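Everything on this sheet refers to the single structure shown next.
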Amino acid sequence: MQQYEVAARVRQVIDAAGVSAREFARRIVIDPSKLSRSLNGSRRFTAAELARIADIGGVDANWLLGAAATFTVPPASPPPSEPAPAPEGGRPLQIVRETVRLIAERGFHAVRVADIATACRTSTAAIHYHFPGRDELLEAAVRWCMDEDTRRRAAATEGTDHAGDELRLLLDLQTPRTEQQRRQWCVWLDLWAEAARSTTVGQLHREYYRQWRTTVSDVIRRGVDQGVFRPVDPDGAALTLTALIDGLASQVLATAPGSPGTGTGAQAMHDALTTHVDTCLTAPAA
């Protein structure tokens, strides 16, 4: 079957799901640009991606590949014969979320496929059906973390016009105070180590940091224009600030929450970041 015919059937599944292509890409855990290229015929869907599309769309994978079965809109809820219905977003997204949680708790190389299957109340065969190898699963986990981090930043700063206020909101989000924030940083630190060994994860890592530094740089540039910040080089200032965030966060994670001693705590990290902004970026009062 020609790939444009496969793309046409995938479009039917997306239309029936009633969501945007970007949201559907999130649910099947691939980069939206990959989905777009596949729908346009300039890229072929992989077998694993088609399996995830079939699972999320509630259709037969053979139908996606050209079988004569009639496409029907899937029921709103899974059939009762399923032992463990997947949460909103479908089984692939559940697998990725549980993978991320287990990576945060144990580290990537200590997490077995069997552990993920147990957490999802499914079989290892089901995990491999959606993500044939650990590399693909790790890539999906990285993409999900990137998307979640970007989504949280956008939600927290929406409607904030003052660049100084926005930068401080970003600092708050990057300070691992809560258990959820600590888990997020634990995953990132583990993935950084993988990025040094994996070309695919390394490329994702570089792209994420390009986006993150651009976000910080844009805020600083806007602050310079508003007169909130000194006339600094936004790109250089963003590089320094993000490096400071990373270094301090790694020290915070090495210190148990609430433990006494000389370790770096979350409040100490936040104070250091605020001092840096006040000293090096904030324009003196008129």
Side-chain angles (χ1 to χ4, degrees), residues 1 3 6-7 9-10 12-14 16-17 19 23-31 34-35 38 43-145 147-148 183 187 190-191 194 197-201 204:
M1 184 179 185
Q3 64 191 67
V6 175
R9 294 196 173 200
V10 173
Q12 290 186 53
V13 174
I14 296 173
V19 298
E23 170 60 18
F24 197 81
R26 186 188 72 84
R27 293 185 181 187
I28 63 173
V29 205
I30 69 169
D31 184 76
K34 281 188 177 181
L35 177 60
S38 297
R43 173 187 178 273
R44 290 184 181 276
F45 286 103
T46 68
E49 288 166 0
L50 289 173
R52 297 201 291 272
I53 290 168
D55 182 71
I56 294 297
V59 300
D60 189 332
N62 290 328
W63 174 82
L64 288 173
L65 293 171
T70 302
F71 171 74
T72 56
V73 176
S77 59
S81 59
E82 285 193 6
E88 182 182 357
R91 183 71 68 192
L93 195 55
Q94 180 197 30
I95 291 170
V96 169
R97 285 170 173 160
E98 290 300 325
T99 299
V100 169
R101 181 181 66 80
L102 290 171
I103 290 174
E105 293 177 358
R106 309 178 189 181
F108 178 72
H109 288 288
V111 177
R112 303 172 303 160
V113 173
D115 299 327
I116 300 169
T118 299
C120 295
R121 296 170 58 197
T122 189
S123 65
T124 56
I127 304 297
H128 287 305
Y129 175 73
H130 294 294
F131 302 97
R134 287 172 64 90
D135 287 346
E136 186 177 10
L137 184 53
L138 177 59
E139 179 182 350
V142 175
R143 290 192 185 281
W144 186 80
C145 288
D147 289 345
E148 283 296 289
R183 281 198 303 269
V187 172
D190 214 52
L191 295 180
E194 285 302 307
R197 306 182 185 97
S198 167
T199 301
T200 299
V201 176
L204 289 173

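Predicted model only: the values in this text are computed from it and were never measured.
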With sequence neighbours left out, the residues meeting salt bridge (charged side-chain N to carboxylate O under 4.0 Å, His left out) with Arg134 are none
Contacts of Glu23 meeting salt bridge (charged side-chain N to carboxylate O under 4.0 Å, His left out) (sequence neighbours excluded), chain-then-number -> Arg26, Arg27
side-chain hydrogen bond (donor to acceptor under 3.5 Å, both in side chains) filter on Arg183, not counting sequence neighbours, yields none
Report yes if some heavy atom in the side chain of [X] is under 4.5 Å from a heavy atom in the side chain of [Y]; otherwise report no.
{"X": "Ser123", "Y": "Tyr129", "answer": "no"}
{"X": "Ser38", "Y": "Val10", "answer": "no"}
{"X": "Leu64", "Y": "Val13", "answer": "yes"}
{"X": "Asp55", "Y": "Ile28", "answer": "no"}
{"X": "Arg143", "Y": "Lys34", "answer": "yes"}

On a heavy-atom basis, which atom in [X] and which in [Y] lie closest, and how many Å separate them?
{"X": "His130", "Y": "Ile95", "answer": "CD2-CD1, 3.7 Å"}
{"X": "Phe131", "Y": "Ala140", "answer": "CE2-CB, 3.6 Å"}
{"X": "Val96", "Y": "Ala141", "answer": "CG1-CA, 3.8 Å"}

Report the C-alpha distance between Arg52 and Glu136 in whole Å, list the side-chain angles of each, state the deciding distance to 0.1 Å, and finish with yes or no for salt bridge (Lys or Arg N to Asp or Glu O under 4.0 Å). CA-CA 13 Å; Arg52 297 201 291 272; Glu136 186 177 10; 3.2 Å; yes
Short N-O contact, [X] and [Y], less than 4.0 angstrom:
{"X": "Arg43", "Y": "Glu49", "value": "yes"}
{"X": "Glu98", "Y": "Arg91", "value": "no"}
{"X": "Asp115", "Y": "Arg112", "value": "yes"}

How many angstroms lie between atom [atom1] of [X] and atom [atom2] of [Y], to the nearest 0.5 angstrom?
{"X": "Leu93", "Y": "Ile56", "atom1": "CG", "atom2": "CD1", "answer": "7.5 Å"}
{"X": "Phe24", "Y": "Ile30", "atom1": "CZ", "atom2": "CD1", "answer": "9.0 Å"}
{"X": "Arg9", "Y": "Ile53", "atom1": "CZ", "atom2": "CD1", "answer": "13.5 Å"}

